[in-house]
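Heads up: the structure comes next, in structure tokens.
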Amino acid sequence: MSVVERGPAVASSVSPPVPVRRRSPSPATAVVVLAPLALTVVLGLWGIRRENTLWGDESVTYQLAQRDLSQIWLTAQHIDVVHALYYAVMHEIFGLFGAGLLTLRLPSVLAMSVAASGVGLLGLRLAGPRAGLLAGLVFAILPQVQKYAQEGRSYALVCALVTWATYALVVSVPRRARWRWAVYGSTMLLACLLHEFAALALVAHGVTLLVSRVPRPVLKAWSVTAAGVVAGLLPLAVHSAGQSGQVSWIDGPVRLDDFLAVAVVGVVCALAPLGVRGPVRLSVLAVPLVVLPGLLLLIASLVKSLFVDRYVLYSHIGIALLLGAWMDCVHRRLRFSRHAWIAVVAAVAVLAALVPPSLWLRTPQSRSNDATAIGAAVREEGRPGDGLLYLSGQRRILTAPNPEDTRFLTDLALAQDPVSSNTLSGVELPARDIAARMLEFDRIVAVRPTGAYSPTDPREKAKASTLRRYFRECGTTHVNGARVTVYVRDRTRK
């Protein structure tokens, strides 16, 4: 056969080019994303009502989210500007679904569930499917994650945003596309606007990139993005600095022992060979997230006490990644070992140890106060026409969720209510007027915090001295976070 004759046969055997299809997510990826999300939703819905109680901070959210957006803005000029965006978000959610306990807490459940799936994806990318699944599940069962998944505050939303910003950072390092850096920056900025201490995660990310020795263009892209986040946060930071008295209640580190324990566990886990090689190593990403935000708050506390563990809740992203990767490492080493049962027993023991705190977190006693119980005690002890006194005036927010609790009592110190004055607790009368008004009543119900009460403000001194000179204590009801005391006028005292 000639060459010419063979030509058509060869030509007919060549197949046309096949279009390249984008690879679909593997079943392992779906499990890594969905299993932690589902577990977090289940744990979040379990006991979400907490026996139909609110605590003080949630009471603030509940009250402010029901005000108009303009009122929220005006209130933020005086106090709580750091949470103004969160209150505005909750205002819109209340407008869509109505105000209630479930509406107040469900956004946090969903946000923490999204965070759990993000932790799983981070673990998948940095250490493989099993490590990712374990990291996501560990994150879901951490006590602090369970706690703030059921609170009507911003911390779960911040945690979710920081999680996905961290994922965007990890993805952006090798690919360097500008739009990816834009996603990272906008997500981090939103987290910072919801709570400005989210900016400490930005510092942790910078340390991760420096230690990872990423190429100079990557470091430059991150620096420009971080500068944009800081610039966007700056107006809020400047404004909130003028409201620093709002955190005057912090007289020392809050739950420092928990932070130190988590940091030590994280560092110990990081000593093992975790994850896979890549532009960013799992331990190099996770350890700064676990250690740096809390450490920086502790350093700042040398000037002004600021350390509260929930302010850096997102640090649990790092510890979940480290624990998940460490368990994966142990599994690989013990898979064919006769001692594998030791790891199984240890895992079961840890899960069993988490049951009591998980049960306790779903009780009213797990929070520092119980606004619902305080209001109920006032309603129980008060009689129509009695005077009502708050020691101090900031405690007024604790009985605000249910106006029926104080409907038939007269607030003796109040000059202007919280809504019309665009404040959290209203505006009180001058000290002399408060004392004079107290003397018009024969019976007063007083609400004061648990523990010692040492007034320094002239108004508070006037309340305490008038009670001491002209009234006698008739009985006290102790509730979580407060004492409700009935005073009756002692006519023998002049």
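Values in this document were obtained by computation on a predicted structure and should not be read as measured data.
- Remark: Q394 CD is loosely packed, at most 12 non-hydrogen atoms of other residues, nucleotides or ligands lying under 6.0 Å away.
- A donor and an acceptor atom, one from each side chain of D309 and Q144, are located under 3.5 Å apart.
- Side-chain atoms of T399 and Y390 include a donor-acceptor pair closer than 3.5 Å.
- Aromatic pair H316/F139: centroids not less than 6.0 angstrom apart.
- Remark: aromatic rings of F259 and F307 are close, center separation under 6.0 Å.
- A donor-acceptor pair shorter than 3.5 Å can be found between the side chains of S240 and E196.
- Side chains of T166 and H205: a donor on one and an acceptor on the other come within 3.5 Å.
- If you take OG1 on T103 and OH on Y62, they are separated by 8.5 Å, rounding to the nearest 0.5 Å.
- Heavy atoms only, all atoms of each residue included: V158 and A198 are closest at CG1-CB, 3.9 Å.
- No side-chain donor-acceptor contact under 3.5 Å links W46 and Q150.
- The closest side-chain donor-acceptor pair between R50 and T363, if any, does not fall under 3.5 angstrom.
- Ring planes of H195 and F197: tilted class, angle from 30 to 60°.
- Within 6.0 Å of the CZ atom in R178, the count of heavy atoms belonging to other residues, nucleotides or ligands does not exceed 12.
- Judged purely by distance below 3.5 Å, without hydrogens or angles, the side chains of R153 and S108 never pair a donor atom with an acceptor atom.
- Rounded to the nearest 0.5 angstrom, I374 CD1 and T53 OG1 are separated by 11.0 Å.
- In this structure, W326 places its CH2 atom where only 12 or fewer heavy-atom neighbours from other residues, nucleotides or ligands lie under 6.0 Å away.
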